[in-house]
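We name chains A, B, ... by the order of the sequence lines, and we start the count at 1 in each one.
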2 protein chains.
Amino acid sequence: MKQPRIVKDLIQDQTASLTPADRQVSDVLLRDYPVAGLKSITKIADAAGVSTPTVIRLARKLGFEGFPELQDALRDEASARIKQPIRKHERWPEERGDSPRFRDFAEAVFDNLSATIDRLDPATFDKIARVLNDRRRRIFLTGGRITRSNADYFYNHLQIIRPGVTLLSQSPNVWPQYLLDMNGRAVLILFDVRRYERDLARLAQLAKDRGAVIILFTDQWGSPISKIADHVVNAMIEVPSSWDSTIAINLIIEALIAEVQSRRWDAAKDRIEALEDMFKSTRIFRKKP
Amino acid sequence: MKQPRIVKDLIQDQTASLTPADRQVSDVLLRDYPVAGLKSITKIADAAGVSTPTVIRLARKLGFEGFPELQDALRDEASARIKQPIRKHERWPEERGDSPRFRDFAEAVFDNLSATIDRLDPATFDKIARVLNDRRRRIFLTGGRITRSNADYFYNHLQIIRPGVTLLSQSPNVWPQYLLDMNGRAVLILFDVRRYERDLARLAQLAKDRGAVIILFTDQWGSPISKIADHVVNAMIEVPSSWDSTIAINLIIEALIAEVQSRRWDAAKDRIEALEDMFKSTRIFRKKP
DNA sequence: TATACGCTGTAACAAAAGCTACAGAATTGG
DNA sequence: CCAATTCTGTAGCTTTTGTTACAGCGTATA
């Protein structure tokens, strides 16, 4: 029904039938296209040196209901132009027999990923990578009910890359003993998305009190731990599901792993090779007779 | 006098001192940045699910006189971005002499996701969802060294949605006892990506012999288990890193969770509600009236 | 020169946007 | 548990915006 119209083309097409005043308006619109048209009608009329009704008349001539509709079209164009190239993946092959649910889901994930990347402060990423790269630091990780898997995944890799990495036990009642080891050299990596968990907040506070560096992975709204964390990564987690998606968190985790590993390749290499050897020599599981 | 302020940075800087409602607004603003903020205050408030005064309060917190001033800043940013399309995403390298490693990584992930979706047969997806949805079946999950976390993540959700879900212990030497329970009604979900593990293959064969349905999540090349698996999902895992990326696998997992949950909402609902009651977690988000 | 007609601005007005004050709700701290 | 504090929405208000009606102006044509 209402397909997107490119205002610039509409002006081009009608250029012949435009009156002098119309032209002054369209000049203004095209000069800083399409953003100029996103100001108020008064400002535009002013900038063009015409009256506001003239602007409305132009909008009508271009086929819009009124000025706000013209503005909507311009806003859409601005949005489309600004969207990162990375977002272009959103096009979907039509012929695929996917259920619309799957399609919507996947599209939401793409959306979340680009928004998360967009929102991530490069400096934060860099600082986190630097902290993780510091061999003198001890690293502790834990997460909430769901995000525990993310912590686990991160731990899995970190622990291979560098020494001094610990995944906290799942039960909060044994956390205090880990706290003993958390001094100014410690780093506590926490995962806390909505349905924020009190235990995690308490742990964070205690660790902070002992001087640990807190790195938090949370959602777009931010766990209460944000207030005391040294570095915060906000990931978009909403998808059309009754569950949240932690894929954006995973992206940052994997990117961090890649970053840390590449910064200290030599050191990590030895550890990995040693590990490979050990895995080869322990084969416990045997086929049963 | 009026130096241009980058709204995104202002939000980033203040992120800790923002209230939940503020965050919902900033979330909307950042999602389609900066164009989303060029709509009327009413529309924005609506989209964020908050009242208009909240939007004004956020604008003030960010240091603006009122909403129109915030909007002016956003408009300037939009204009600037459109004028220099090349410099758009390049805050990455410029910032600190950072290599565009992160960007390359992210782009590889996007490619992997699209390719994985492309390659995934909708019928396979459907069949897997159907199997998972069958309450009479018992479900067992396990993965390899790295993919164990993925199995864990899947388990976490499945176990909440439906009964009869078991995550195999990490050590292969206790696997045989699980095999006792794997009959024709059993489903074994395996994760095996390159550096394919022999133990997993053996487990798969034994389970198959006992009549279990095998669902395999593997990489683009395919674990040897592919030959005997009933359903196989191939995910693209290569990224510019010395590690592989399991994000594409996660996407399919999450999509399956969403699918299964929505197919049997009633049954799952009770379980989840019961669980919610058991967990005492902070309630941050209010339901909209 | 008269007059018809399109172009444009002025002025008045309805709609909406933006803002303020206040009170109820939620959260925090004792 | 209650008091203090913070957060947030409602209702009402002012301002601005978008719109309409109309009248003046200029030009073209008879």
Side-chain angles (χ1 to χ4, degrees), chain A residues 14-29 36-75 194-198 201-202 204-205 209 221-228, chain B residues 14-29 36-75 280-289:
Chain A
Q14 304 233 9
T15 189
S17 63
L18 294 184
T19 70
D22 287 338
R23 222 154 276 174
Q24 281 179 264
V25 177
S26 61
D27 271 358
V28 169
L29 294 183
L38 297 178
K39 288 182 282 193
S40 75
I41 192 174
T42 325
K43 298 251 177 64
I44 294 168
D46 236 41
V50 300
S51 64
T52 53
T54 299
V55 179
I56 296 177
R57 283 189 276 260
L58 175 64
R60 299 251 163 88
K61 259 182 210 166
L62 296 179
F64 295 98
E65 184 75 22
F67 178 73
E69 285 72 25
L70 164 67
Q71 207 166 49
D72 286 344
L74 288 171
R75 206 171 13 242
R194 68 171 163 194
R195 305 282 158 87
Y196 310 116
E197 297 177 33
R198 282 190 178 283
R202 282 196 207 104
Q205 186 59 61
D209 292 344
W221 306 284
S223 143
I225 301 172
S226 304
K227 292 195 190 78
I228 61 168
Chain B
Q14 304 235 8
T15 190
S17 61
L18 294 184
T19 70
D22 286 339
R23 252 164 250 230
Q24 283 180 246
V25 177
S26 61
D27 187 34
V28 168
L29 295 184
L38 298 179
K39 290 183 282 194
S40 75
I41 192 173
T42 323
K43 298 250 178 64
I44 294 168
D46 231 43
V50 301
S51 64
T52 51
T54 298
V55 180
I56 295 176
R57 282 188 277 257
L58 177 65
R60 298 249 163 91
K61 258 183 211 168
L62 297 180
F64 296 97
E65 184 72 22
F67 177 73
E69 284 72 26
L70 164 68
Q71 206 167 49
D72 286 344
L74 287 171
R75 200 163 27 234
K280 267 214 224 154
S281 41
T282 349
R283 208 168 59 94
I284 298 277
F285 292 92
R286 222 164 320 130
K287 281 264 156 85
K288 282 211 287 179

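The phosphate of C:dG9 (OP1 or OP2) has no side-chain N or O of A:T52 nearer than 4.0 angstrom. Taking only side-chain nitrogens and oxygens, B:T42 never comes nearer than 4.0 Å to OP1 or OP2 of C:dA16. Listed pair A:R23 / C:dT8 fails the phosphate criterion, with no side-chain N or O lying under 4.0 Å from OP1 or OP2. Under 4.0 angstrom from either OP1 or OP2 of C:dA17 there lies at least one side-chain N or O belonging to B:S40.
Proximity note for A:T19 (side chain, C-beta onward) versus D:dG9, C:dT8, C:dA11: the nearest is C:dT8. With C:dT10, D:dG9, D:dT19 as the candidates, the nucleotide lying closest to the side chain of A:P68 is D:dT19.
Residue contacts for A:P53: at a heavy-atom cut-off of 4.0 Å it reaches a base atom on one of the strands shown. A:V55 comes within 4.0 angstrom of nothing in the nucleic acid, heavy atoms only.
Here the closest heavy-atom approach between residue A:E65 and residue A:R60 is recorded as O-NE, 2.7 Å.
Note on A:K43 versus A:D46: no salt bridge recorded, every NZ/NE/NH1/NH2 to OD/OE distance being 4.0 Å or above.
The local environment of NZ in A:K61 is crowded, with over 12 non-hydrogen atoms from other residues, nucleotides or ligands closer than 6.0 Å.
Following rounding to the nearest Å, A:R60 (CZ) and D:dT20 (P) show an atom-to-atom distance of 4 Å. One atom, CZ of B:R57, and another, P of D:dC7, lie 10 Å apart when rounded to the nearest Å. Distance, A:I41 CD1 to D:dG18 C1': 6 Å, rounded to whole Å. Between A:I44 atom CD1 and D:dT16 atom C1' the separation is 14 Å, expressed in whole Å. Atoms NZ (B:K43) and P (C:dA16) sit 10 Å apart, rounded to a whole Å. The distance from atom CZ of A:F67 to atom C1' of C:dA14 is 18 Å, rounded to the nearest whole Å. Distance B:Q24 CD to D:dG9 C1': 13 Å, rounded to the nearest Å. In this structure, B:K39 places its NZ atom 12 Å from P of C:dA17, rounding to the nearest Å.
Along DNA chain D, the nucleotide nearest B:D22 and the nucleotide nearest A:Q71 are compared for position; the residue whose nucleotide lies closer to the 5' end is B:D22.
At a cut-off of 3.5 Å, with distance as the only test, no side-chain donor of A:S226 or A:S223 sits close to an acceptor on the other residue.
A donor-acceptor pair under 3.5 Å is formed between the side chain of A:E69 and the backbone N or O of A:G66.
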